Amino acid sequence: MIKGLLLAGMGIALSFLGGQKTSLESFPLVNWPTAKVFNVPSDPDPQVAQLIENYLTRLTQLGYDRHRQGVWLQTEWAALGENQAYLPLSAASLTKIATSLAALETWNTDYRFITEIYTTGTLENGVLRGDLLIRGGHDPFFVWEEAIALGNALNQLGIRQVKGNLIIVGNFAMNFQENNQKSAEAVKVALDSRKWTPLVEKAYGNLPLSTPRPLLSIAGQLQVSSVLPSEAQLRLSHQSLTLAEILKQMNIYSNNAMAEILGQAVGGAKVVAQTAARAGKFSPDEIQLINGSGLGVENRISPHAAAKMLIALEEKLEDNPFSVADLFPVAGRDRTGTMQWRAIPEGVAIKTGTLNQVSALAGLIPTEERGYVWFTLINSGSGIERFRAEQDRFLQQIGNHWHIIPSNIIDTSISEVFLGDPTRNQLPVH
């Protein structure tokens with residue numbers, strides 16, 4: 001709406017500054033204070049303010065310190081209520097909102113992380129007399145299914161035995177395990193179906209029925225290196241899921257390892273915090289991070305900042321076919337992960353955060369009366385289940401007050417991911 005008004009105003013100004021002459025009489029007089037275009041819901045809502053007060057009072061009656069409970073509610077046009085709104089509080093996995101925003105400030109939604117496969121030596125009759133090297137590229141979602149597809153691709157290249165070593169180079173994580181040695185051990189198992197454990201067999205069951213079972217044995221050692229040998233030959237490039245798909249999975253399950261990998265790929269906790277504050281247009285003093293996941297009470301975010309980051313994400317996605325609700329769990333659509341066991345009104349998108357004495361919740365409510373309402377609740381104290389119950393009760397009361405429109409965000413979901421898609425293994429272009 002604002003963009004349209006600005007463009008209209010620019011058109012009027014340009015007609016005066018140059019080009020076609022326009023008479024003042026050609027523009028109808030408008031009573032600006034009562035014009036329909038300014039009839040937006042920017043006024044306070046006393047009932048919502050009372051619901052916030054009731055929420056805080058109930059927490060106080062339950063024995064919790066009111067000054068340790070953070071609240072922020074706002075629409076695009078107006079703040080609706082707050083408590084300790086600008087104070088950085090231990091926010092747990094609300095930190096992943098900052099990591100998501102920093103990632104989308106760094107890459108596009110369709111960005112894919114690249115893992116490269118190299119060999120040294122010679123290949124003859126299915127036997128590689130040299131080393132197999134995997135150079136990582138910060139893919140946070142390289143799991144069993146992806147490795148199985150990779151093994152089949154190497155078999156198709158004629159590689160069935162490796163006489164040399166399996167060497168990990170760069171930033172590679174298998175099954176959310178950032179330890180390169182353990183990641184190498186997992187890859188070695190995945191590439192050879194004769195060594196599969198029940199866990200790998202279960203992952204294989206998620207793949208199409210026609211998927212081959214890879215057979216690639218490695219005779220040498222598992223090693224880690226910081227450099228790629230000059231004689232190494234690129235054999236395959238493995239593309240990850242898109243960044244949007246990765247963020248959705250990370251946030252639905254609040255996967256700490258994925259968030260840590262993404263945070264490091266962006267540049268570390270300090271860069272994540274700085275990028276999020278700049279994009280969210282709030283004071284850098286409102287966010288203090290030690291990692292990208294939220295593990296640790298030292299990760300602190302103000303309720304105001306958490307909401308502003310969600311708004312910045314929505315603005316960042318405005319030219320995409322999906323929205324914030326596609327990157328976070330939504331009640332009524334997502335029934336696993338952090339949404340499980342919650343009594344949140346259908347259509348509300350959330351990000352949870354939980355530590356030993358922290359329970360946090362932030363998200364958006366699609367309403368008929370106020371459009372998107374952005375909220376943050378950060379509770380500190382013992383009794384996580386009690387905090388969750390009070391958060392859910394508060395959102396239910398908000399839902400009873402406003403008309404929530406679940407289809408506004410549920411219908412825009414990113415399609416289900418296809419792990420182990422063989423088309424994401426590509427031969428090098430010569």
Side-chain angles (χ1 to χ4, degrees), residues 52 55-56 58-59 62 64-74 81-101 250-256 259 263 269 272-273 276-277 280 282 286-311 313 324 327-331 334 337-345 348-365 373-396 398:
I52 294 173
Y55 168 76
L56 293 168
R58 181 171 175 81
L59 289 176
L62 290 169
Y64 297 109
D65 184 352
R66 181 187 181 107
H67 296 96
R68 299 182 65 197
Q69 317 310 319
V71 179
W72 177 262
L73 260 77
Q74 76 164 91
E82 59 91 14
N83 188 67
Q84 302 289 64
Y86 299 93
L87 179 67
L89 301 170
S90 290
S93 283
L94 295 193
T95 300
K96 293 182 178 71
I97 302 174
T99 301
S100 299
L101 179 55
M250 179 188 80
N251 288 317
I252 285 179
Y253 295 97
S254 202
N255 189 297
N256 292 320
V272 170
F282 57 85
E286 294 184 52
I287 183 168
Q288 303 159 12
L289 302 182
I290 61 169
N291 54 44
S293 67
L295 284 175
V297 295
E298 297 88 350
N299 289 291
R300 296 179 175 275
I301 301 172
S302 76
H304 169 259
K308 289 296 185 182
M309 288 189 294
L310 287 170
I311 294 172
L313 276 168
V324 160
L327 307 184
F328 295 89
V330 177
D334 303 301
T338 58
M339 188 61 79
Q340 195 171 18
W341 314 121
R342 298 303 295 255
I344 293 170
V348 176
I350 65 163
K351 180 67 197 81
T352 61
T354 306
L355 286 174
N356 186 32
Q357 294 206 357
V358 176
S359 179
L361 194 66
L364 68 93
I365 311 168
V373 175
W374 310 86
F375 71 91
T376 308
L377 305 172
I378 302 179
N379 300 123
S380 301
S382 59
I384 299 303
E385 292 303 321
R386 169 51 61 189
F387 282 141
R388 288 176 177 173
E390 295 304 321
Q391 292 164 1
D392 293 356
R393 181 206 298 264
F394 175 72
L395 290 179
Q396 290 165 9
I398 291 291

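All figures in this text were calculated on a predicted structure; none of them were measured in a lab.
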Take Glu298 and Gln288 through the side-chain contact (heavy atoms from CB on, under 4.5 Å) test and state the conclusion after the steps.
-> CA-CA 7 Å; Glu298 297 88 350; Gln288 303 159 12; over 6 Å; no
One should read off an interatomic distance between Gln84 CD and His67 NE2, to the nearest 0.5 angstrom, of 6.0 Å
Can you name the nearest heavy-atom pair linking Ile378 to Ala91, along with the distance?
-> CD1-CB, 4.4 Å
Ile350 side chain near Pro329 side chain, heavy-atom distance below 4.5 Å | yes
Are side-chain heavy atoms of Ile398 and Val348 found at a separation under 4.5 Å?
-> no
CD1/Ile311 to CD/Gln74 distance, rounded to the nearest 0.5 angstrom?
-> 3.5 Å
Angle class for the Tyr86/Trp72 ring planes (parallel below 30°, perpendicular above 60°, tilted otherwise)?
-> perpendicular
Is there a side-chain contact between Thr352 and Ser93 (heavy atoms, below 4.5 Å)?
-> no
Measure the shortest side-chain to side-chain distance between Tyr55 and Asn83 over non-hydrogen atoms and say whether it is less than 4.5 angstrom.
-> no
Taken to the nearest 0.5 Å, the spacing of Lys96 NZ from Asn256 CG works out to 4.0 Å
Between NZ of Lys351 and OG1 of Thr95, what distance do you get to the nearest 0.5 Å?
-> 9.0 Å
Give the C-alpha distance, both sets of side-chain angles, the deciding distance and a yes or no for side-chain contact (heavy atoms from CB on, under 4.5 Å) between Thr376 and Ile301.
-> CA-CA 10 Å; Thr376 308; Ile301 301 172; over 6 Å; no
Assess whether side-chain contact (heavy atoms from CB on, under 4.5 Å) is satisfied between Phe394 and Leu73, documenting all intermediate values.
-> CA-CA 12 Å; Phe394 175 72; Leu73 260 77; 4.0 Å; yes
Main-chain N/O of Ile290 paired to Asn299 side chain as donor or acceptor, under 3.5 Å = yes
Quick one: are Met309 and Phe282 in side-chain contact, heavy atoms under 4.5 Å?
-> yes
Minimum heavy-atom distance between Ala360 and Gln391, given as atom pair plus value | N-NE2, 4.1 Å
Which pair of heavy atoms, one from Ser293 and one from Leu295, lies closest together, and at what distance?
-> OG-N, 3.2 Å
Which heavy-atom pair separates Ile344 from Ala331 by the least distance, and what is that distance?
-> O-CB, 3.5 Å
To the nearest 0.5 Å, how far apart are CG in Asn356 and CD1 in Ile384?
-> 7.0 Å
Would you say the side chains of Thr338 and Ser254 form a donor-acceptor pair under 3.5 Å?
-> no
Heavy-atom check, side chain of Phe375 versus side chain of Val71, under 4.5 Å | no
Residues in ring pair (Phe, Tyr, Trp, His ring centres under 6.0 Å) contact with Phe387, at least two apart in sequence or another chain = Tyr64
Spatial distance of atom CG (Leu101) from atom CG (Leu310) [nearest 0.5 Å] = 9.0 Å
Compare every heavy atom of Thr354 with every heavy atom of Arg388, then report the nearest pair and how far apart it is.
-> NH2-OG1, 3.1 Å
Within the side chain of Glu286, is there an N or O that forms a donor-acceptor pair under 3.5 Å with the backbone of Leu87?
-> no
Below 4.5 Å, heavy atoms only, C-beta onward: do Asn379 and Arg386 meet side chain to side chain?
-> no
Residue list, side chain to side chain contact (heavy atoms under 4.5 Å, CB included) with Ala269, at least two apart or on another chain = Leu289
So, does Thr99 use its side chain to make a donor-acceptor pair with the main chain of Gly292 at under 3.5 Å?
-> yes
Do Ser100 and Leu327 have side chains that get closer than 4.5 Å, going by heavy atoms?
-> no
